[in-house]
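Because the structure is predicted, anything quoted here is derived from the model rather than measured.
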Amino acid sequence: MSRTKIALLAGAAQLVMATFAPAAFARVEDPAPAAEPADSVDAIVVTGFRKSLGAAREAKRTSAIVTDVIVAEDMAKFPDLNLAESLQRLPGVAINREGGEGRRVSLRGLGPDFTRVQLNGMEVLGNVDSPMDSRGQTSRDRAFDFNIFASDLFSKVDVRKSFSAEQDEGGMAGTVGLYTAKPFDYSGTKAALSMQGGTNSATKDFQPRGAAMISKNWDDKFGALFSVAYSKRKTEEQGYNTYGAGTQRASAANVVRLSAADAAKATNGELIFQRGNRLSVWDSDQERLGLTAALQWRPVENVTLTLDALHGKFTNDRSELHLATRGTVGSTVLSAPTPHSGNLVSPASVLNSIQYDKHNTIIYADVDNAVFATETRRQETKNTFDQLVLTGEWKVTDKLTIDGHIGQETSDYDIPISDKFYTEAFGGLITDYRGDTGKNTYKWDTTDPNNYRAHEIDFSATYQTTELKNAELNGAYAFNDDLTLKGGVSYRGFENSGYSQTNDDVNRTAWEKGTLDDRLDGVTKVFSQHHDQSWIIVDWDKALSKWGVTRTLGAPRSIYSVKEDTSAGYLQLDWKTQFLGLPLRGNTGLRAYETELTSSGVMAVRGVNTPTEAKKKYSGVLPALNAVLEVSDQFQVRMAAAKNINRPALGAYAMNGTISVDGTPPTVTVSTGNPNLEPYTSDEFDLVAEWYFGGVGMLTAGVFHKNIDGLVASQTTTSSLTNSITYASTGLAEGLYPGITGSTIVASYTRQVNLNNAKLTGLELSAQSDFFFLPGVFKNMGAVANLTLIDSETTNLVNGKSQKTDIFGLSDVNANATLYYETAKYGARVSANYRSDYLIDSGGFNATTYVDAAAFYQLTPRIRLSLDAINLTNEREEQYNSFNNGFGQTGAKRLWNYTTSGRTVFIGANIQF
């Protein structure tokens with residue numbers, strides 16, 4: 001981050017603090033503090049969003065660790081429609097959106113893989129993926145997709161940013177805890193019904209949402225609660241995108257109309273051409289169902305048993321439509337003479353004129369005879385999640401408490417249909433990147449089916465299953481009010497497995513040779529939803545019927561299974577004491593863990609899948625310290641220091657890969673996952689000052705630092721005269737390939753390794769308050785603002801050389817602000833969330849600012865009308881790539897994707913019974 005940017009943001013932070021200072025001092029200078037409770041505020045109604053802020057503040061204030069909390073306003077009434085969108089209003093939290101809806105959470109600069117999510121005390125893993133390959137379609141990771149569940153099912157979410165020994169190890173960025181409602185939370189019989197209907201400016205469909213919850217509490221002896229949430233909506237993201245970029249070598253035929261200088265650059269391979277240059281639309285038809293049940297039983301006064309069950313189902317039927325260049329030279333505008341079918345051959349493409357920037361990237365090209373392709377893709381996806389957990393608490397004596405849980409969860413993510421139909425055409429094109437987006441001008445009729453020919457059909461399917469079994473037993477003994485010893489043991493059995501099936505290039509050979517008619521008569525329709533251009537797409541049912549194609553798939557491939565069995569134990573001392581005459585409280589502890597990893601998969605050998613398996617065991621001890629110094633009733637200082645770990649992504653462990661032998665003499669090449677990876681480790685430090693005032697007022701400022709070792713990166717090593725790589729050193733079993741033994745020299749070996757280190761330092765500023773110091777109706781206003789500044793540096797070792805860059809996925813600036821106005825009768829709020837640009841391993845994303853709003857009107861004491869608006873500005877997501885540019889360091893940023901998803905508005909009612 002530049003010094004100028006730091007100075008500007010520091011100035012903005014000072015302005016935020018200055019805005020809230022009158023509220024803080026108004027509370028401090030109250031001439032009669034003893035006349036009213038410390039947290040009372042005259043004539044301000046504590047309901048709705050304000051009530052949620054107050055409950056969250058109190059939870060944060062009394063916590064022994066660095067934490068932030070969001071509390072539901074009432075039964076089935078979470079502050080936002082989406083959990084991720086609520087979390088982004090906390091300091092240090094950034095999210096990414098899919099179809100305009102919050103999907104994944106990044107915490108304090110570290111990506112979703114570093115943020116552990118727990119549901120009712122158990123770790124939860126659930127993926128719904130992205131329709132875009134560039135956003136990680138069918139990825140295998142440890143992240144949680146928050147759009148699986150509706151927010152109506154939850155009563156509280158907390159974010160634990162510092163580590164304590166009683167927490168499960170992992171989640172280096174922090175832990176997000178999700179909690180469903182319990183019957184003992186309410187008295188007697190209580191029920192709620194929420195109904196909403198909405199639409200999106202891009203899809204213009206009707207989007208119903210509904211939730212119902214009923215709870216019965218029999219005198220805190222037995223209770224039952226059931227809830228259901230359902231929603232259905234369509235989404236659309238559309239824009240311009242590419243496959244990436246690369247240096248390409250044009251032929252003499254391609255450059256006959258260029259100047260001698262430009263022609264020389266093009267034929268010498270000096271120029272970088274965008275691949276694809278395509279117009280794209282991603283449509284989704286989503287349906288979400290969530291069911292929860294909670295039973296609580298208190299057989300005796302000191303024993304409480306809770307049984308929680310949760311079922312979630314998220315289905316998503318998707319279509320993906322593209323009009324792209326597909327030249328024979330890297331899918332660019334460059335192409336040699338190209339056969340389409342029989343005797344139909346398009347001539348070589350001809351560049352009429354080009355422009356390129358200082359990085360030799362083509363930013364403008366006028367070309368004739370370019371080869372085009374349309375892609376009509378269909379997908380059906382389904383995620384099913386089930387969790388059952390039994391929790392118990394036994395207050396054995398006034399001093400001794402025993403608690404624990406045992407549970408199981410499964411998450412299946414299936415894509416039984418993921419098919420592509422490609423057509424091909426050729427014609428003229430002007431592609432222009434000189435503005436802030438790509439723009440195509442087509443010199444041929446893209447809506448005439450006679451200009452296209454069928455090219456190929458690809459069928460595929462993917463299946464993933466995640467299972468988790470968890471048991472935990474804890475004990476706490478209070479020696480006195482100031483000293484409590486805690487201890488516990490736990491077991492966690494985790495398995496992630498999956499496979500895929502494919503059948504590619506169906507009919508391609510017959511169409512290319514002309515033995516099968518490739519004309520598209522009667523199987524196409526004009527697609528006109530894209531803002532810039534209309535083109536031809538394929539009707540799947542008509543196309544398969546015309547050519548008599550039956551959808552079949554090959555044998556399972558990319559078969560993998562990763563199992564982790566972890567046993568852990570901890571001791572923790574919770575204490576209260578005095579320091580310089582001031583109250584000091586906190587905890588100190590150690591956590592020990594041991595993990596046994598089993599990774600199995602298949603190695604592709606001579607086109608045959610050969611099973612293989614590897615095992616690894618690792619262990620460690622993690623110290624943790626958290627302390628809170630209460631300087632006054634309103635002001636306290638937190639300090640935390642700990643060591644934590646983060647286990648690598650599941651795909652890095654998976655034993656999938658290839659063994660190939662080519663040439664004479666034979667050259668052996670091996671590429672595989674690495675089950676011998678060690679977990680990342682982090683030394684973590686926090687220092688936070690917190691000032692509380694008024695009913696909901698709070699000013700906090702904190703710094704945090706992490707030293708991270710052992711980040712994973714892909715490494716390719718080659719044998720040399722001084723460094724020979726033996727087959728035995730790969731850890732693969734002998735016999736996978738005939739003739740290869742442990743002593744065989746491997747020419748090239750590619751795998752994931754613990755290679756890189758990182759440092760991360762951040763500043764978090766947070767402020768919230770009612771404007772009770774203002775006169776008249778203005779005292780009903782309030783604001784919440786958060787600003788996080790992060791500076792990071794990763795050391796990447798590449799070919800023995802050290803390169804430094806930001807951590808992938810890290811935005812160095814995250815900021816959000818909410819302005820609200822609320823009375824007992826009505827209220828409204830508007831929120832803005834800013835996330836600065838960030839890198840990924842093949843490029844990055846530009847900064848975004850999302851604006852959302854909500855309003856309510858209390859029609860009767862039990863009926864509330866609501867209005868919710870998401871993405872009011874129709875923010876554009878811009879993704880870029882960086883070809884041949886190190887690890888995304890300063891240099892050329894080339895367009896990859898830009899999309900918009902439209903504005904969404906809901907109106908509805910919440911009824912409390």
Worked verdict on Ile807 versus Phe114 for side chain to side chain contact (heavy atoms under 4.5 Å, CB included): CA-CA 12 Å; Ile807 296 173; Phe114 293 84; 5.9 Å; no

Val851 and Val830: CA distance, side-chain angles, deciding distance, side chain to side chain contact (heavy atoms under 4.5 Å, CB included) verdict: CA-CA 7 Å; Val851 180; Val830 61; 4.0 Å; yes

Test side chain to side chain contact (heavy atoms under 4.5 Å, CB included) applied to Tyr692 and Gln636, step by step: CA-CA 9 Å; Tyr692 298 93; Gln636 60 188 27; 3.9 Å; yes

Test side chain to side chain contact (heavy atoms under 4.5 Å, CB included) applied to Val93 and Asn814, step by step: CA-CA 7 Å; Val93 177; Asn814 292 284; over 6 Å; no

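Contact detail for Arg209 and Ser231: the closest heavy-atom pair is CG-CB, 3.7 Å. Minimum heavy-atom separation, Asp152 to Ala211: CB-CB, 3.6 Å.
Counting heavy atoms of neighbouring residues, nucleotides and ligands inside a 6.0 Å radius, atom CZ of Phe778 does not exceed 12 of them. Residue Lys313 qualifies as open at atom NZ: its count of foreign heavy atoms under 6.0 Å is 12 or below. More than 12 non-hydrogen atoms from other residues, nucleotides or ligands lie less than 6.0 angstrom from CZ of Arg876. Heavy-atom contacts from other residues, nucleotides or ligands closer than 6.0 Å to CD1 of Ile907 number 12 or fewer.
No option in Lys779, Arg50, Arg57 other than Arg50 meets the salt bridge (charged side-chain N to carboxylate O under 4.0 Å, His left out) test with Asp770. Across Thr67, Asp68, Asp686, a single residue satisfies side-chain hydrogen bond (donor to acceptor under 3.5 Å, both in side chains) together with Lys161, and that is Asp68.
Checked by atom type, the side-chain pair Thr175/Arg160 shows no donor-acceptor distance below 3.5 Å. Judged purely by distance below 3.5 Å, without hydrogens or angles, the side chains of Glu236 and Gln529 pair a donor atom with an acceptor atom. In summary, the side chains of Arg233 and Gln207 do not present any donor paired with an acceptor at a separation below 3.5 Å, with no hydrogens or angles considered. In this structure, a donor-acceptor pair under 3.5 Å is absent between the side chains of Arg89 and Asn786. Side-chain polar atoms of Asn846 and Tyr898 form no donor-acceptor pair below 3.5 angstrom.
In this structure a side-chain-to-backbone donor-acceptor pair under 3.5 Å is missing from Asp283 to Arg318. Side-chain N or O atoms of Asn871 include none that pairs as donor or acceptor with a backbone N or O of Arg903 at under 3.5 Å. Put simply, the side chain of Thr199 gets close to the backbone of Asp205: a donor and an acceptor are under 3.5 Å apart. Under the 3.5 Å distance criterion, the side-chain polar atoms of Gln88 are left unmatched by any main-chain donor or acceptor of Asn833. Put simply, the side chain of Ser52 gets close to the backbone of Val71: a donor and an acceptor are under 3.5 Å apart. Between the side chain of Asp158 and the backbone N or O of Tyr179, no donor-acceptor pair lies under 3.5 Å. A donor-acceptor pair is defined here as one N or O able to donate and one able to accept, closer than 3.5 Å; no such pair exists between the side chain of Ser284 and the backbone of Gln286. Under the 3.5 Å distance criterion, the side-chain polar atoms of His705 are left unmatched by any main-chain donor or acceptor of Gly762. A donor-acceptor pair is defined here as one N or O able to donate and one able to accept, closer than 3.5 Å; such a pair exists between the side chain of Ser836 and the backbone of Asp812. Glu878 places no side-chain N or O within 3.5 Å of a backbone atom of Ala847 that could act as its donor or acceptor partner.
Expressed to the nearest 0.5 Å, how far CD1 of Ile863 lies from CD of Gln858 amounts to 9.0 Å. Between the OG1 atom of Thr761 and the CG atom of Leu789 there is a distance of 12.0 Å, given to the nearest 0.5 Å. Summarising the geometry, atom CG belonging to Leu153 is positioned 8.5 Å from atom OG1 belonging to Thr180; distances are rounded to the nearest 0.5 Å. For the atom pair NZ (Lys60) and CD (Glu690), the distance works out to 4.5 Å, reported to the nearest 0.5 Å. Expressed to the nearest 0.5 Å, how far OH of Tyr240 lies from NE2 of His530 amounts to 10.0 Å. The CZ atom of Phe154 sits 11.5 Å away from atom OG of Ser86, with the distance rounded to the nearest 0.5 Å.
Among residues two or more places apart in sequence or in another chain, the side-chain hydrogen bond (donor to acceptor under 3.5 Å, both in side chains) test is passed with Ser319 by none.
Classification of the Phe144-Phe146 ring pair by plane angle, with boundaries at 30° and 60°, yields perpendicular. Under the 30°/60° scheme for interplanar angles, the aromatic rings of Tyr826 and Tyr857 are found to lie parallel.
The pair Asp852-Arg829 does not count as a salt bridge, with every side-chain nitrogen at least 4.0 angstrom from each carboxylate oxygen. A salt bridge is absent between Glu875 and Arg835; no separation between the charged side-chain nitrogens and carboxylate oxygens falls under 4.0 Å.
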